[in-house]
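Accompanying notes for the structure given below.
Values below: every heavy atom of this structure, side chains too, minus hydrogens, waters and symmetry copies. None of these values were measured; they are calculated from a predicted model.
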Amino acid sequence: MRVYQTAFWVLAIGLALAACSDKGADKEAAKAAAEPAETVANTVAEVKESVSTAVEEKVEQAQQAAGEIAEKTGELTQAAKENLTEATQTASEKTAEVVSATKEIAAEKTEAAKQAVSATKEVVAEKTEAAKQAVTETAAALAAKASTSGVLSQDDALALAKKSGCLSCHAIDKKLLGPAWNEVAAKYTDDAASRGKLIEAVAKGGKGVWGNVAMPAQAPRVSEAEIAQLVDFILSLK
């Protein structure tokens, strides 16, 4: 009986030792298995930390670059604004200068034109006055000659006719627009009735006696005294 009990205890102790030995082995195995996992976890953690640090550095660099770009953009914008303002001011100044110069030139030209017009008026007035005086002197001289001789000489008559515009349509010995004066002299008798009729025809104008070309009225452009002198000369051509 004791033998059996002893054997039982020996067996139990052996099993217990074996069990203890198995538990130690399991612990070692678990420990050995846990070490690679821990290493992996540590490695992963290190990689994460490295990646995070690199990302943060890149983000910081990107932010810094963006800040620099924004600063440069601001500088360029400010410079562009300053250049635009300067160019606008310069253009305004140049425009003002051109407008001022144009106004000055226009004023000078206007003044010169006024002076030219004034000078022209003065010249025209002088020429008109001289022409009036010449006509007056000629008329006076012709009147004086007519009063002494009764009939103008041919030279004086032609001078009066030229001044009065008669020679544009008439000549002494040939037909122009109107009849030749020697033909008129041949048609009319040298008496008071013919003389009065011719003076009236010259003064008032007429049509149909010498064709369809009308003779315009010469009075009051030509005085009645001068018309009478010309009629007397024409009638003297017989």
Side-chain angles (χ1 to χ4, degrees), residues 99-238:
V99 170
S100 178
T102 302
K103 288 181 178 180
E104 291 178 0
I105 293 173
E108 292 176 358
K109 295 294 185 182
T110 302
E111 184 62 26
K114 288 180 179 179
Q115 292 178 359
V117 170
S118 178
T120 302
K121 287 181 178 179
E122 291 178 0
V123 171
V124 170
E126 291 176 359
K127 296 293 185 182
T128 302
E129 184 61 28
K132 287 181 179 179
Q133 185 175 358
V135 169
T136 302
E137 292 175 354
T138 301
L142 292 175
K145 290 184 178 181
S147 62
T148 57
S149 62
V151 178
L152 297 176
S153 67
Q154 180 171 314
D155 291 339
D156 292 338
L158 290 177
L160 177 59
K162 182 177 181 181
K163 177 183 76 71
S164 303
C166 301
L167 299 183
S168 298
C169 300
H170 297 281
I172 292 177
D173 55 355
K174 62 181 177 180
K175 175 180 174 59
L176 297 178
L177 289 177
W181 280 347
N182 55 12
E183 293 180 357
V184 176
K187 182 177 180 65
Y188 291 94
T189 58
D190 188 6
D191 55 25
S194 296
R195 181 175 183 273
K197 187 175 181 180
L198 285 175
I199 291 174
E200 182 179 3
V202 173
K204 296 182 179 180
K207 179 181 178 182
V209 178
W210 298 97
N212 294 324
V213 179
M215 177 179 180
Q218 302 300 310
R221 185 179 60 83
V222 183
S223 68
E224 184 176 353
E226 291 176 337
I227 292 175
Q229 290 175 345
L230 289 171
V231 168
D232 289 339
F233 170 75
I234 292 170
L235 292 176
S236 70
L237 294 175
K238 291 181 180 181

Here the pair of heavy atoms bringing Ala203 nearest to Ala217 is O-CB, 3.3 Å
With sequence neighbours left out, the residues meeting side chain to side chain contact (heavy atoms under 4.5 Å, CB included) with Val213 are none
Verify, without hydrogens or angle tests, whether Ser194 (side chain) and Asp190 (backbone) share a donor-acceptor contact under 3.5 angstrom.
-> no
By side-chain hydrogen bond (donor to acceptor under 3.5 Å, both in side chains), Ser236 pairs with (sequence neighbours left out) none
Less than 3.5 Å apart, any donor N or O on the side chain of Ser153 or Asp155 sitting next to an acceptor on the other? no
Would you be so kind as to tabulate the donor-acceptor pairs closer than 3.5 Å made by side chains of residues 168-184, with sequence neighbours excluded?
unit_1, atom_1, unit_2, atom_2, d
His170, ND1, Pro179, O, 2.9
Asn182, ND2, Ile172, O, 3.3

By side chain to side chain contact (heavy atoms under 4.5 Å, CB included), Ala228 pairs with (sequence neighbours left out) Arg195, Ile199
Distance col, row Glu226:CD vs Leu152:CG, nearest 0.5 angstrom, shows 9.5 Å
Non-hydrogen side-chain atoms of Leu235 and Leu198 separated by less than 4.5 Å = yes
Which of Ile234, Leu230, Ile227 passes side chain to side chain contact (heavy atoms under 4.5 Å, CB included) with Cys166? It is Leu230
The complete set of side-chain hydrogen bond (donor to acceptor under 3.5 Å, both in side chains) pairs with one or both residues in residues 209-220, sequence neighbours excluded, reads Gln218-Arg221
For residues 197-219, the salt bridge (charged side-chain N to carboxylate O under 4.0 Å, His left out) pairs (sequence neighbours left out) are Glu200-Lys204
TODO: Decide side-chain contact (heavy atoms from CB on, under 4.5 Å) for Met215 and Val202; before the verdict, give the C-alpha distance in whole Å, the side-chain angles of both, and the deciding distance to 0.1 Å.
DONE: CA-CA 8 Å; Met215 177 179 180; Val202 173; 3.9 Å; yes
